[in-house]
Participant: 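Here it is, the structure, as structure tokens.
In the text below, chain A, chain B and the rest are named by the order of the sequence lines, each starting its count at 1.
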Number of protein chains: 2
Amino acid sequence: MEKPAEPRWLTEEEMQAWLALGGVLMWLPSALDAQLQRDAGITHFEYQVLAGLSMSPGGTLRMSELAAFSNGSLSRLSRVVDRLEKRGWVERRPDPDDGRYTLAVLTEAGREKVEQTAPGHVEEVRRLVFDPLTQAQARQLREISRRIGQAIDPDGGWPPTAAP
Amino acid sequence: MEKPAEPRWLTEEEMQAWLALGGVLMWLPSALDAQLQRDAGITHFEYQVLAGLSMSPGGTLRMSELAAFSNGSLSRLSRVVDRLEKRGWVERRPDPDDGRYTLAVLTEAGREKVEQTAPGHVEEVRRLVFDPLTQAQARQLREISRRIGQAIDPDGGWPPTAAP
DNA sequence: AGGTATTACTTGAGCCGTCAAGTAATTTGC
DNA sequence: GCAAATTACTTGACGGCTCAAGTAATACCT
């Protein structure tokens with residue numbers, strides 16, 4: 001009736017770490033969304049999309065590349081780009097090299113939007129994440145995050161759709 | 001035309017840490033949800049609700065306490081408890097001490113569900129979070145998460161609705 | 001060359017969460 | 001002791017996201 005192997009429960013210390021991490025997983029994205037929503041009227045995901053484009057040559061990326069960069073599904077990106085297009089920050093055009101691809105291109109207004117938004121956002125990341133940490137802890141955070149990331153996905157390609 | 005103060009940009013090291021953390025923020029909740037969905041057909045939030053009840057005396061908590069414990073809004077909890085009630089794992093009843101409160105009570109079936117589900121979930125948390133870390137890193141993770149949590153919310157009460 | 005398979009994206013249906021307005025029970029102020 | 005305010009929760013409207021099915025362009029195979 002019982003599962004045969006006794007599970008390896010968490011130690012007290014691990015439990016505390018897990019609860020604290022749980023809070024961060026829950027509230028950090030929410031806090032970043034709140035800042036961007038308040039100061040720029042966009043979500044964090046929309047910001048990532050605009051930022052991704054702004055860092056690419058010509059402010060241009062294929063939808064699939066942009067989806068990978070912004071850690072979102074193609075379906076989600078498609079709808080987000082709809083919204084950004086309606087707001088005049090992005091345009092879509094077919095890739096002349098291969099008609100299956102769609103290029104997302106940052107408009108001039110879009111570039112202005114990112115450039116106005118970035119400083120406040122970086123400031124918030126710094127305030128919430130790096131200011132409270134020592135430099136050594138920031139390095140530890142990098143290493144710890146990498147290891148957890150590795151455990152979640154030994155390769156590097158996660159976005160939905162596993163093995164066909 | 002430019003913002004007066006030059007923002008304090010992130011150093012290369014911070015940028016790497018931020019990207020790595022971003023991946024964890026994005027994919028760890030998703031990975032945990034996937035395991036629970038696959039093995040138990042419930043979301044991580046639903047699990048937290050059931051687990052919260054199972055750890056309370058009599059398997060009973062007021063809705064508002066349960067919402068605080070599970071890091072969700074009351075509105076969200078209300079709908080989730082609807083679902084759990086339909087599945088026969090939770091019941092609602094008015095608090096006899098104060099009719100404004102609603103008590104959520106874990107049924108026998110609900111308790112069995114948590115007990116069947118917990119070991120696999122704990123195993124997954126261990127696999128994704130603690131197995132890849134040294135013990136010292138787990139301690140660091142606790143401290144780092146606490147500091148970030150503190151920066152997000154100096155007190156301890158976040159769930160929506162700020163100062164009235 | 002032509003049919004099939006694959007790739008890249010889009011879109012309809014449905015679920016889930018939020019916000020704001022509504023309801024019911026209790027406390028407060030006079 | 002009763003009206004007004006507060007508290008605890010519920011619910012309708014709405015938007016975003018995912019899954020799966022659909023569409024269009026290109027690659028592959030013989």
Participant: Write down the distance between NZ (K86(A)) and P (dG15(D)), rounded to a whole number of angstrom.
Facilitator: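 Atom-to-atom, K86(A) to dG15(D), this comes out as 11 Å.
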Participant: Going by side-chain hydrogen bond (donor to acceptor under 3.5 Å, both in side chains), E143(B) matches just one of R146(B), R147(B), R139(B). Which one?
Facilitator: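 Testing E143(B) for a side-chain hydrogen bond (donor to acceptor under 3.5 Å, both in side chains) against R146(B), R147(B), R139(B) leaves exactly one candidate, R147(B).
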Participant: With DNA chain D as reference, determine whether V80(A) or G99(A) sits nearer its 5' end, using the nearest nucleotide of each.
Facilitator: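 Whichever sits nearer the 5' end wins; that is V80(A).
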Participant: Consider only side-chain N and O atoms of E12(B) and Q16(B), and report whether a donor and an acceptor are under 3.5 Å apart.
Facilitator: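 On atom types as modelled, these side chains qualify, holding a pair under 3.5 Å.
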Participant: Rounded to the nearest 0.5 Å, how far does CD of Q140(A) lie from CG of L141(B)?
Facilitator: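 Reported to 0.5 Å precision, the distance equals 10.0 Å.
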Participant: Using five base pairs at each end to define the local axes, how bent is the helix from dA1(C)-dT30(D) to dC30(C)-dG1(D), to the nearest 10°?
Facilitator: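 Axis-to-axis angle, ends of the helix: 20°.
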Participant: Would a distance-only check, ignoring hydrogens and angles, find a side-chain to backbone donor-acceptor pair under 3.5 Å from E13(B) to A138(A)?
Facilitator: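 No.
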Participant: Output yes when a side-chain donor or acceptor of E123(A) lies under 3.5 Å from a complementary backbone atom of G120(A), and no otherwise.
Facilitator: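 Side chain of E123(A) to backbone of G120(A), a donor-acceptor pair under 3.5 Å: no, none is there.
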Participant: Does any donor atom in the side chain of W27(B) or D153(A) lie under 3.5 Å from an acceptor atom in the other side chain?
Facilitator: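 No, D153(A) and W27(B) have no side-chain donor paired with an acceptor closer than 3.5 Å.
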Participant: Between dG16(D) and R83(A), is there an OP1 or OP2 to side-chain N/O distance shorter than 4.0 Å?
Facilitator: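 For dG16(D), OP1 or OP2 has a side-chain N or O of R83(A) closer than 4.0 Å.
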Participant: Pick from Q37(A), H121(A), R87(A): which one makes a side chain to side chain contact (heavy atoms under 4.5 Å, CB included) with I42(A)?
Facilitator: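 Of the listed residues Q37(A), H121(A), R87(A), the side chain to side chain contact (heavy atoms under 4.5 Å, CB included) partner of I42(A) is R87(A).
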Participant: Could you tell me whether the side chain of R62(A) and the main chain of A104(A) form a donor-acceptor pair under 3.5 Å?
Facilitator: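 No; judged by distance alone, with no hydrogens or angles, the pair does not exist.
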Participant: L84(B) has an atom CG; how far is it from atom P of dC16(C), in whole Å?
Facilitator: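 Going from CG in L84(B) over to P in dC16(C) covers 11 Å.
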Participant: Please confirm whether the backbone N or O of T43(B) pairs with a side-chain atom of E46(B), one donor and one acceptor, at under 3.5 Å?
Facilitator: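 Side chain of E46(B) to backbone of T43(B), a donor-acceptor pair under 3.5 Å: yes, one is there.
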Participant: When you check every protein heavy atom under 4.0 Å of nucleotides 3-13 of chain D, what one-letter string (B, S, -) results, 5' to 3'?
Facilitator: ----BSBBBBB
Participant: Below 4.0 angstrom, which residues in residues 46-61 of chain B have at least one non-hydrogen atom near DNA chain C?
Facilitator: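 Output list: empty, so none.
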Participant: To the nearest 0.5 angstrom, please state how far the CG atom of L19(A) sits from the OG atom of S145(B).
Facilitator: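 If I round to the nearest 0.5 Å, the distance is 10.5 Å.
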